[in-house]
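We name chains A, B, ... by the order of the sequence lines, and we start the count at 1 in each one. Since the model is a prediction, treat every value here as computed from it, not as a measurement.
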Amino acid sequence: MEKLFYDLLDKYGYQNWWPLTGKFDPFEEVCIGAVLTQNTSWKNVEKAIENLIKANLTSFERILQTDDKTLANAIRPSGFYNQKAKTLKRLAKFLLSVEKENIKREDLLSIKGIGKETADTILLYGLNKMIFVVDAYTKRLLHRLGFIDSPKIEYDTLRILIESAVPRDINVYKEFHALIVKHCKEVCKKNPDCKKCFLSNRCYNYTYG
DNA sequence: AGCCAGGCCAAGC
DNA sequence: GCTTGGCATGGC
């Protein structure tokens, strides 16, 4: 697992996540992006974020001042916009009510619309907590490479497995997740481009042609 | 023109 | 407990 991280790093270089526009407070932008990207391509999230900027909705405070319909309309390109608008408001309300150093994973998970991946994204990229972010890409890649038996592995089981298998370094956690996303978006897609994959010689999933 | 995307929740077995 | 359906747009 550690070797996989270094191989991906050699191949793609540092990703320097989380992607930010600079038009928001960095912590708030991580939180907003984390919600908007739920089961949604980052391209669509970028459109939604541009709309938020145009609509002057670039802070939790402004988001809370805005009615659900206006907010939902702005984030429309990210899909599931009615749910996400409500989730953003619930999240913004909570986060404005606590000090950052007191934010706990269980608090985030108690917010409707915030699940494990979104909570962990906020903790890792927003708050520099030592928590690895598992996503569908992670399960797919590690399954294909034979690190796990099934892509249906339980979220926290895989998270803990990875956390204990790579160096306990915040930047390793951040980069490893970002590199997995990079590799899976470009190569290890649902229909994988095994021909152009530098890992195919050690991949259980390798499909010829 | 389908299929897919950096999930999550509630309901059904 | 595990599976399924709903939520929705836009890119490739």
Side-chain angles (χ1 to χ4, degrees), chain A residues 4-5 8 12 14-21 29-52 54-55 68-92 94 105-127 129 131-144 148-159 162 173-193 195-196 205 207:
Chain A
L4 174 62
F5 165 68
L8 288 168
Y12 298 112
Y14 287 95
Q15 303 299 302
N16 297 310
W17 269 26
W18 184 268
L20 297 172
T21 65
E29 190 165 357
V30 170
C31 296
I32 291 164
V35 170
L36 294 182
T37 198
Q38 290 170 353
N39 202 44
T40 301
S41 68
W42 187 255
K43 280 262 190 274
N44 283 9
V45 174
E46 286 177 330
K47 293 177 183 302
I49 289 176
E50 275 309 307
N51 287 347
L52 289 175
K54 283 185 204 152
D68 287 11
K69 287 229 177 114
T70 304
L71 180 58
N73 190 52
I75 64 172
R76 173 179 271 274
S78 74
F80 310 121
Y81 49 83
N82 289 312
Q83 315 192 121
K84 285 176 181 175
K86 289 179 184 164
T87 299
L88 280 178
K89 283 196 168 187
R90 287 187 288 257
L91 180 61
F94 167 71
R105 188 177 196 243
E106 61 192 82
D107 298 331
L108 294 172
L109 291 177
S110 72
I111 299 167
K112 185 178 171 187
I114 305 296
K116 289 175 180 176
E117 181 183 341
T118 308
D120 291 345
T121 297
I122 292 169
L123 292 168
L124 178 63
Y125 292 103
L127 296 169
K129 302 280 190 186
I131 299 197
F132 188 82
V133 177
V134 171
D135 62 359
Y137 287 153
T138 310
K139 293 182 178 179
R140 184 164 80 206
L141 179 64
L142 295 187
H143 177 239
R144 286 177 174 171
I148 55 179
D149 294 334
S150 164
K152 295 178 184 175
I153 184 170
E154 205 278 322
Y155 181 98
D156 285 309
T157 305
L158 181 54
R159 176 176 63 80
I162 296 170
Y173 284 22
K174 288 182 180 181
E175 282 298 327
F176 194 23
H177 174 71
L179 287 162
I180 289 170
V181 172
K182 170 89 172 169
H183 180 65
C184 289
K185 272 208 267 206
E186 296 182 0
V187 181
C188 198
K189 299 177 281 193
K190 190 156 228 174
N191 257 314
D193 274 338
K195 282 170 295 186
K196 65 179 194 184
N205 181 72
T207 51

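The aromatic rings of A:His177 and A:Phe132 sit perpendicular, their planes meeting at an angle over 60°, well past the 30° parallel limit.
Proximity of A:Glu175 to A:Asn16: side-chain heavy atoms (C-beta onward) are separated by under 4.5 Å at one or more points. At least one side-chain heavy atom of A:Arg140 sits less than 4.5 Å from a side-chain heavy atom of A:Arg144.
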Heavy atoms under 4.0 Å is the rule here; annotate nucleotides 4-12 of chain C 5' to 3' with B where the base is hit, S where only the sugar-phosphate is, and - elsewhere.
---BBBSSS

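Distances shorter than 4.0 Å separate none of the side-chain N or O atoms of A:Arg90 from OP1 or OP2 on B:dC8.
Note: NZ (A:Lys116) to P (B:dC9) measures 10 Å, nearest angstrom. Whole-Å rounding puts the A:Leu91 CG to B:dC9 P distance at 12 Å. To the nearest angstrom, P of B:dC8 lies 5 Å from CD of A:Gln38. The distance from atom CH2 of A:Trp42 to atom P of B:dG7 is 12 Å, rounded to the nearest whole Å. The separation between A:Ile114 atom CD1 and B:dA10 atom P is 13 Å, rounded to whole Å. Rounded to a whole Å, the CG atom of A:Leu109 is 13 Å from the C1' atom of B:dG7. Atom-to-atom, NZ of A:Lys112 to C1' of B:dA11 comes out at 13 Å; the value is rounded to the nearest Å. Rounded to an integer number of Å, the gap from OH of A:Tyr155 to P of B:dG7 is 11 Å.
One P atom belongs to B:dG2, the other to C:dA8, and the distance between them is 23 Å to the nearest Å. Taking atom P in both B:dC8 and C:dG10, one finds a spacing of 22 Å when rounded to whole Å. Using atom P as the reference point in both C:dG5 and B:dC3, the two lie 16 Å apart (nearest Å).
Residue A:Ile122 is tested with A:Leu108, A:Ile131, A:Val35 for a side-chain contact (heavy atoms from CB on, under 4.5 Å); the sole match is A:Leu108. In summary, of the residues considered (A:Val134, A:Ile153, A:Ile162), a side-chain contact (heavy atoms from CB on, under 4.5 Å) with A:Leu142 occurs for A:Ile162 alone. When each of A:Lys84, A:Lys86, A:Lys89 is tested with A:Asp68 by the rule salt bridge (charged side-chain N to carboxylate O under 4.0 Å, His left out), just one qualifies, namely A:Lys89.
A:Ile180 comes within 4.0 angstrom of no nucleic acid atom, judged by non-hydrogen atoms across all strands. A:Ala178 comes within 4.0 angstrom of no nucleic acid atom, judged by non-hydrogen atoms across all strands. A:Lys189 comes within 4.0 angstrom of nothing in the nucleic acid, heavy atoms only.
Annotation for A:Tyr81 and A:Ile75: closest pair O-CD1, 3.6 Å, computed over non-hydrogen atoms. Closest heavy-atom contact between A:Pro151 and A:Lys139: O-CD, 3.2 Å. Of all the heavy atoms in A:Asp120 and A:Arg159, the pair that sits closest is OD2-CD, 3.6 Å.
When the nucleotides B:dA5, B:dC8, C:dT3 are ranked by their closest atom to the side chain of A:Lys152, C:dT3 comes out on top.
Where A:Thr37 and A:Ile111 meet DNA chain B, the nucleotide closest to each residue was compared, and A:Thr37 sits on the side nearer the 5' end. Residue whose closest nucleotide on DNA chain B sits further toward the 5' end, between A:Gly113 and A:Pro19: A:Pro19.
Proximity of a side-chain donor or acceptor of A:Thr87 to a complementary backbone N or O of A:Gln83 within less than 3.5 Å is detected.
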Applying the Watson-Crick and G-U criteria (both distances under 3.5 angstrom) with [ ] for crossing and | for other-strand pairs, one obtains for DNA chain C |||||||.||||

